[in-house]
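Here's the structure we're looking at; comments come further down.
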Amino acid sequence: MDKLYTPHAIEEKWQRYWEENKSFKVAEDPHRKKYYLLEMFPYPSGRIHMGHVRNYTIGDVLARFMAMRGYNVLHPMGWDAFGMPAENAAIQSNTHPHEWTYKNIDTMRSQLKRMGFSYDWDRELATCDLMYYKWEQWLFLKMHERDLVFRRKSFVNWCESCQTVLANEQVEGGLCWRCKKEVTQKELAQWFFRITRYADELLESLDKLTGWPERVLTMQRNWIGRSYGTEIDFAVEHSPEKITVFTTRPDTLYGATFMSLAPEHPLARKLAEGTPRHASVQSFIERILKQDKLVRSSEDLEKEGIFTGACCINPVTGFRMPIYVANFVLMEYGSGAVMAVPTHDQRDFEFAKKYGLDFIVVIQPEGETLDPKTMACAYVDEGVMVNSQQFDGMKNSEAMENITRYLEKQGCGKKAVHYRLKDWGISRQRYWGNPIPIIYCDACGIVPVPEKELPVVLLKDITITGSGQSPLASCPEFVNTVCPRCARPARRETDTMDTFVESSWYFERYACPEYDSGPLDVQKVKYWMPVDQYIGGIEHAVLHLLYARFFTKVLRDLGLVHVDEPFVNLLTQGMVCKETQRCETHGWLYPEEVHNGTCKHCSAPVQVGRTEKMSKSTRNVVDPEQLIQKYGADTARLFCLFASPPEKDLEWSDQGVEGAYRFLYRVWRLVAEHRDNLIQALPVSDEQVIDTIIKNLRRKTHQTIKKVTDDIFQRFHFNTAISAVMELVNELYQGAPLARESTASRAAFREAIEAVILLLSPMVPHVCEELWSELGNRDSISKTPWPSYDEAIAEAEEAVIVIQVNGKLRGQITVNAKVSENYIKEQALACEKVQPWISGKQIKKVITVPGKLINIVVG
RNA sequence: GCGAGAGUGGCGGAAUGGCAGACGCACUGGAAUUAGGAUCCAGCGGGAAACCGUGGGGGUUCGACUCCCCCCUCUCGCACCA
């Protein structure tokens, strides 16, 4: 066996072996327990980055581990392949999105293969494949039938010069990120998924997700934002109109002295129409609507508003409430109208001070009397009702229910539940996405594309100009069609779907990627779903994970999926970080632009900045491919696993990588040096083992198996699992058992080495396959069962008992593990080192922890 | 402001009520080598010592990195939500 460890030759050899033997291909097997392990699939941006390497390595360890434990493991991979970067690349480099995407997929696929991940590549899918988006269109139609899809006008970020909708994150300081022109709010007809219909279930079934991190659950709860309150109607004076507000504080109704409307509120403009105020109200509204959303929603924004000239009537007090349009009222929340109670709401307080509006105290705190004239801020806490007619004297918490009930009786209010969650707008004025299967007919209106006419094919023969408009809209062969109902000429919808739609059901499609009689093969999905372990970044805590949960519930109601929740356990891995480096003249520097702390271009000293997430913009990146070239995939994998536990951020360290490589070499050398001796070793038989040194080695071996198994299975703490194996390797390097040159010592040594290789194999599979076969094993290590341990062998015969006096460490004794507590006590009290601390003192108490510790409490 | 997480040697981290610092990196010394690198072995929180040490202060306990209360710092999420 070669003394040299040659990772590249070994890795390529085994990657070929796995591919040729289809080692990780799986099929449903009712006799075996399934385990579905999934990592979030990547966007094919061009090349894999270190974040992918870490994410997919963690997943691969678990997949391989579970397979060795006897599970039928589904471990698929695919591509989240629709999206804007493909279109931007098309504009920049004149490459068609289709070509660009599939080329990137090819590159990234081979990079993933080069990492040695155990995917069943036969299940690979790309969401831009016709087969995939066709069935997504079919799902859209089914949702349309069930009124889960609707079209509505809504306000969106609109860039006039680019003629397109922009996502919130594409608006920078109120300007379009591409052309730097001002972004406006525009009302556009958009398609929506009625996710709010599932709001309660999405919220309530979070409680069932005990395998999810608490903070993800919290983020989802906040996002859904359910609040209980009351809807109250206010009649507008001299008008048939009424304004409905939602409030969580109906107890303050008697103190409502004015009304605030969001600038987007339909009545905001209307109320001033035909009055002298119209022009000023109009220009105020216009000015606010133009403001950047971020600016508008910041807390330190100056509260301003304008009187519409109209008033409404407080339904319980008859108070004439002037109606204002106010910049801080959000159309998205409640009804876009707020009953303002200056005495008991801080915002209303500030607003009322500014515009000289009325203050009426309706809740008095205990032992204090509020006076509107002297109040410095609103009183928002508990208290007793005053100025509230029949509710006076009640605790305000009781008054909430009572006032609501009273309003219900009067017919001007009711209990209501509101959500922060909005229906999901899915229309995108983009080319590289899934066409929405809808036809517009002048005679019949909105007509869904009939099922048998699916798919609506995304035309490839198209020029992307960068004008911002979807090229589909200016493509007559696409737009012009006939109405499926009346056969007259009609137009196709040219918007495409949000790409989050594709990622909402891909994990179910993995169960049956070839199926073509529907989106999902129910039987196969039934076998594989739910995903037992999902792994991905925290950045998807709300959006993707919420949409995927929503889709699973919709698919369940369509009878395609039998589970309520798609992901039983969720692991959110930390980011990969690295220190940043900067040169005065050349800005951020890539690691390879730095030489001995100086800039490669100008030799100026480099400033080392803070450690941040690896990112191209700060250039603190390490290319996985270079890492593989230098050290091999196993080293890259080992470093990612060893540097920190998966849920924490990982700090990149070149020296740490070096250390990982050194360890693999160390294992390699250990086997290479002893191979000839070990290859004829027989299995260990207990009666041979009388030698203490051999016994100790066997104990360490079995303890290590136990620890590694627990660390991987129960905690996903690969770093401590690896250090346990390192300890065993260190012990083997001491070489004592082999010095015995007996059958028994050879056997024990082989047992230990085999354990090392087996335990490391999910983490560094290539080198372990090679070492395993060098030891004379015929089968691939991936088909070898995970080693088991013998509790009796792992158990220590002798125990080191720590002796404390008053909680301080004073000595230790070594005793047989089976001796009685009393004996330990005697020995401890007799221990020389302990004597000075207890002599002449009264022993009050002695506490023993079996096998570990004894604490003598003296007075 | 609210919520969550974190704070331990020179560094990454380990220990979830029982010997603080496993394992690795860096560093130091030794072996080997013509020499360097690689390798192997050993040492490595502070302090001369008594002792002191897990962000700071208090508490519970025989015993606290670990549990409870208060405070500080950092990271993330939410944030005029009526």
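The sequence lines fix the lettering, A, B, ..., with proteins before strands; numbering per chain opens at 1. Quantities reported herein were computed from a predicted structural model and do not represent experimental measurements. These values consider heavy atoms only, across backbone and side chains, with no hydrogens, waters or symmetry-generated copies.
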> For the pair made of NE2 in A:His540 and P in B:C76, what is the distance, rounded to whole Å?
Replying inline: 18 Å
>> Just the rounded figure in Å: distance from C1' of B:A82 to CD of A:Glu350.
In response: 14 Å
> B:G37: syn or anti, with syn meaning chi within 90° of zero?
Replying inline: anti
>> Can you tell me if A:Lys353 has over 12 outside heavy atoms packed within less than 6.0 Å of its NZ?
In response: yes
> Is it true that A:Glu658 and A:Lys630 make a salt bridge, defined as a side-chain N closer than 4.0 Å to a carboxylate O?
Replying inline: no
>> Work out how far the C1' atom of B:G55 is from that of B:C62, and round it to whole angstrom.
In response: 27 Å
> Less than 4.0 Å between a side-chain N and a carboxylate O, is that true for A:Arg715 and A:Asp710?
Replying inline: no
>> Between A:Phe359 and A:Phe349, is the ring pair (Phe, Tyr, Trp, His ring centres under 6.0 Å) condition met? List the steps.
In response: CA-CA 8 Å; A:Phe359 288 73; A:Phe349 182 89; 5.5 Å; yes
>> B:G12, OP1 or OP2 - any side-chain N/O from A:Ser644 closer than 4.0 Å?
In response: no
>> Is the terminal nitrogen or CZ of A:Arg666 (NZ for Lys, CZ for Arg) located under 6.0 angstrom from the six-membered ring centre of A:Tyr733 and within 45° of that ring's axis?
In response: yes
Grab the N/O contacts between the protein and nucleotides 62-64 of chain B below 3.5 Å, and write none if there aren't any.
unit_1	atom_1	unit_2	atom_2	d
B:C62	OP1	A:Lys845	NZ	3.2
B:C62	O2'	A:Asn855	ND2	3.4
B:C62	O2	A:Asn855	ND2	2.4

>> Taking only side-chain N and O atoms of A:Gln734, does any of them lie within less than 4.0 angstrom of OP1 or OP2 on B:C41?
In response: yes
>> Is it the case that the base of B:C19 and the side chain of A:Lys852 share a donor-acceptor contact (distance under 3.5 Å, atom types as modelled)?
In response: no
> What are the two closest heavy atoms between A:Leu546 and A:Trp223, and how far apart are they?
Replying inline: CD2-CD1, 3.6 Å
> Is any side-chain N or O of A:Arg221 closer than 4.0 Å to OP1 or OP2 of B:G3?
Replying inline: no
> Whole-Å distance between B:C76 P and A:Leu217 CG?
Replying inline: 21 Å
>> Closer than 3.5 angstrom, by distance alone: can the side chain of A:Asn620 be matched with the main-chain N or O of A:Lys578 as a donor-acceptor pair?
In response: yes
>> Is the ring pair A:Phe246/A:His418 parallel, tilted or perpendicular, if the boundaries are 30 and 60 degrees?
In response: tilted
>> With a 4.0 Å cut-off on N to O distance, would you call A:Glu304 and A:Lys354 a salt bridge?
In response: no
>> Please give the distance between the C1' atoms of B:A38 and B:G46 as a whole number of Å.
In response: 34 Å
> Nucleotide by nucleotide, 5' to 3', does protein get under 4.0 Å of the base (B), only the sugar-phosphate (S), or neither (-) in nucleotides 22-27 of chain B, counting heavy atoms?
Replying inline: BBSSS-
> Would one find a side-chain N or O of A:Arg420 under 4.0 angstrom from OP1 or OP2 of B:A79?
Replying inline: yes
> Rounded to whole angstrom units, what separation is found between the NZ atom of A:Lys808 and the P atom of B:A20?
Replying inline: 10 Å
>> Quick check on RNA chain B: between A:Glu214 and A:Val849, whose nearest nucleotide comes earlier from the 5' end?
In response: A:Glu214
>> Ring-plane angle category for A:Tyr324 and A:Tyr355, please: parallel below 30°, perpendicular beyond 60°, tilted otherwise.
In response: tilted
> Tell me: CG of A:Asp711 to C1' of B:A15, nearest whole Å?
Replying inline: 12 Å
>> Any side-chain N or O of A:Arg215 below 4.0 angstrom from OP1/OP2 of B:A6?
In response: no
> When you check the phosphate oxygens OP1 and OP2 of B:C81, does a side-chain N or O of A:Arg347 lie under 4.0 Å from one of them?
Replying inline: yes
>> Could you tell me if A:Lys303 sits above the aromatic ring of A:Phe351, with its cationic atom closer than 6.0 Å to the ring centre and no more than 45 degrees from the axis?
In response: no
>> Taking the nucleotide of RNA chain B with the nearest heavy atom to each, does A:Asp345 or A:Gln812 sit closer to the 5' end?
In response: A:Gln812
> C1' atom, B:G9 versus B:G53: distance in rounded Å?
Replying inline: 10 Å
> What stems, by residue range, does RNA chain B take part in, given at least 3 consecutive Watson-Crick or G-U pairs under 3.5 Å?
Replying inline: B:1-7 with B:72-78, B:10-12 with B:23-25, B:27-31 with B:39-43, B:55-59 with B:67-71
> Between A:Glu795 and A:Lys706, does at least one N-O distance fall below 4.0 Å, as a salt bridge requires?
Replying inline: no
>> In whole Å, I'd like the distance from the CD atom of A:Glu647 to the P atom of B:G13.
In response: 11 Å
